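The block underneath contains the structure these notes are about, expressed in structure tokens.
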Amino acid sequence: MTLMYRCSILCLLCALPAAGCRKAASYEKPLTPVKIKAVEQQAFSGGTVRYSANIQPNQQIDLAFKIGGIVRDVMTVRGQAVQEGEWIEKGAVLARLRDDEIGARVKQANALLAEASAAQTTVRAQLAEAQVAQDQLKRELERATRLLEADALIKPDFESVKARFEMGQARIESIKSQLSMTQAKADGARAGIEEAESARSDCELRAPISGVLLRRTIEPGGFVAPGAPAFTLGDLFSIKAVFGVPDVAAMQLKPGTALTVASEAIRDIEFRGRLTRIAPAADARTRVFDVEAVIPNPRRLLRAGMVVSLQLSGERPTESVTVVPLNALFQLKEKDGGYALFVLAEKDGKSIAHLRRVSPGRTLGNLIEIPSGVALGEQVVVSGATLISDNEQVRIVQ
């Protein structure tokens, strides 16, 4: 009985690995879903490329009070507080803070200045009087000195004249010290007045440029903290068109490139400008390079927040080029880098993705030219390429 039990246990232990092997062998990795699109041809007219761009003010300034306080009033237009979208002239007073406390400080400083000025007048009069008396004592001392030298004056009488002269000199020095003190008080009062007047001017917020009011965040009677943005002004006489391009397109762009802008909201008008900035690094999330163009807008027809169609101009004639979607292309991580895409092929009823190196050309919006390496009609992977490897079977999804 015991022997049979042991034999059964051994049989089970031997059978377990075999069962595990059969289970592992039966597991199959699920196919990676991918989306595909056919390689096609597009007319490349005049080397032009179109993008969608956002309109922003060429210059945008946030305005804030240097000091905090209660808002006394806000600039009014047509009987109501100025609203976003209104045109603001340079130097216009946008808002004021209550300055009651500052007014009290100015009055106090003026009172101190008046008191110090009156004291200065009194002390100066005393100094003038003491100077006259001292001049008289100086003449008496000089006469006493001559008489003493001629033995016509006894020593005690000379010492008495000399003592009165020295006392007069000491009084003059004391009066001068008082005059310095009153001068210091007057200077302090003037500094207080200047400081209070400066604080009073800080209670006014003026527009440093002419522009459109883009934002207002304060209301009369509300409290505003120092440095907190109260208004935002934008200069729309020239505007910025901001858009993104992939790395292949960014390498072809240069500052100064001419462009045209059109808007669905403003038909039959084309705006012309030039590229001014190409970001040195791609956005970490979108992997595109930010590009900016400045466009004159003297009539202020283009407004901040608009989405426009932007066309970059080249010099090539019209031609048909082989293109694939931009998201089909990816950069290889190998040492020599380069670009590649996956081309789909059918084999025994299976969809197999084959890695193919290519050299991309020009961009046409969300398409990119592939001069060689792919044929018209071939299917390329446009979604899921980063999840598969060369010669891997995939599952096509719509």
Side-chain angles (χ1 to χ4, degrees), residues 35 37 39-58 60 238-264 270-297 302 304-333 337-342 357-374 380-386:
K35 293 182 180 180
K37 189 168 179 60
V39 178
E40 57 186 30
Q41 283 190 332
Q42 288 281 337
F44 196 79
S45 177
T48 58
V49 183
R50 288 186 177 274
Y51 295 93
S52 291
N54 295 316
I55 296 301
Q56 297 179 6
N58 189 32
Q60 182 171 312
S238 62
I239 52 90
K240 287 192 299 187
V242 183
F243 58 104
V245 299
D247 52 0
V248 177
M251 298 299 293
Q252 301 171 6
L253 299 180
K254 295 180 180 179
T257 301
L259 54 85
T260 57
V261 168
S263 170
E264 289 293 329
E270 276 193 346
F271 302 87
R272 300 184 182 276
R274 292 190 177 276
L275 291 183
T276 55
R277 176 181 175 271
I278 302 169
D283 183 272
R285 183 176 58 85
T286 62
R287 307 309 302 168
V288 299
F289 289 78
D290 288 333
V291 180
E292 293 180 2
V294 172
I295 302 165
N297 187 35
L302 293 174
M306 278 185 169
V307 177
V308 297
S309 174
L310 184 146
Q311 176 177 298
L312 299 175
S313 300
E315 299 177 351
R316 294 185 178 92
T318 302
E319 58 182 312
S320 294
V321 295
T322 303
V323 296
V324 300
L326 270 170
N327 51 1
L329 197 68
F330 58 89
Q331 193 167 12
L332 295 170
K333 297 181 179 179
Y339 292 89
L341 46 73
F342 282 104
R357 293 174 177 270
V358 292
S359 297
R362 298 158 291 182
T363 56
L364 290 85
N366 61 346
L367 301 175
I368 187 164
E369 177 190 9
I370 306 295
S372 62
V374 291
V380 296
V381 176
V382 297
S383 176
T386 58

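From a predicted model like this one, the values you see are computed outputs, not experimental measurements.
Scanning all heavy atoms of the two residues, the minimum distance from Val307 to Ser52 falls at CG1-CB, 4.4 Å. Taking both residues in full, the closest heavy atoms of Ala328 and Leu341 are given as O-CB, 3.4 Å, listed atom of the first, atom of the second, then distance. Residue Val382 comes nearest to Pro325 through the heavy atom pair CG1-CG, 3.7 Å, listed as atom of the first residue, atom of the second, then distance. Considering all non-hydrogen atoms of both residues, Ala262 and Val308 come closest at O-CB, 3.4 Å. Residues Ala53 and Leu310 come closest through the heavy atom pair CB-CD1, 4.0 Å. Across all non-hydrogen atoms, the minimal contact from Gly273 to Pro296 is CA-CD, 4.4 Å.
Ile278 pairs by the side-chain contact (heavy atoms from CB on, under 4.5 Å) definition with Leu253, Pro255, Val291, not counting sequence neighbours. For Ala279, the side-chain contact (heavy atoms from CB on, under 4.5 Å) test picks out Arg277, Asp290, with sequence neighbours left out. Partners of Asn297 by side-chain contact (heavy atoms from CB on, under 4.5 Å), not counting sequence neighbours, listed by chain and number: Leu236, Ile239, Phe271, Arg300, Leu301, Leu302. With sequence neighbours left out, the side-chain hydrogen bond (donor to acceptor under 3.5 Å, both in side chains) criterion links Ser309 to Arg50. Applying the side-chain contact (heavy atoms from CB on, under 4.5 Å) rule to Ala385 yields the partners Phe330, Phe342, Val381; only residues at least two apart in sequence or on another chain are considered. With sequence neighbours excluded, no residue forms a side-chain hydrogen bond (donor to acceptor under 3.5 Å, both in side chains) with Thr276. Residues forming a salt bridge (charged side-chain N to carboxylate O under 4.0 Å, His left out) with Arg272 (at least two apart in sequence, or on another chain): Glu270. Applying the side-chain hydrogen bond (donor to acceptor under 3.5 Å, both in side chains) rule to Asn58 yields the partners Ser238; only residues at least two apart in sequence or on another chain are considered. Applying the side-chain hydrogen bond (donor to acceptor under 3.5 Å, both in side chains) rule to Gln41 yields no partners; only residues at least two apart in sequence or on another chain are considered.
For the pair Leu329 and Val324, the minimum side-chain heavy-atom distance is 4.5 Å or more.
In this structure, CG in Leu259 is found 12.0 Å from OH in Tyr51, a value given to the nearest 0.5 Å. Between Ile370 atom CD1 and Thr322 atom OG1 the span is 9.0 Å, to the nearest 0.5 Å. The NZ atom of Lys37 sits 10.0 Å away from atom CG of Asn327, with the distance rounded to the nearest 0.5 Å.
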Step by step, work out the side-chain contact (heavy atoms from CB on, under 4.5 Å) result for Arg274 and Val294. CA-CA 6 Å; Arg274 292 190 177 276; Val294 172; over 6 Å; no
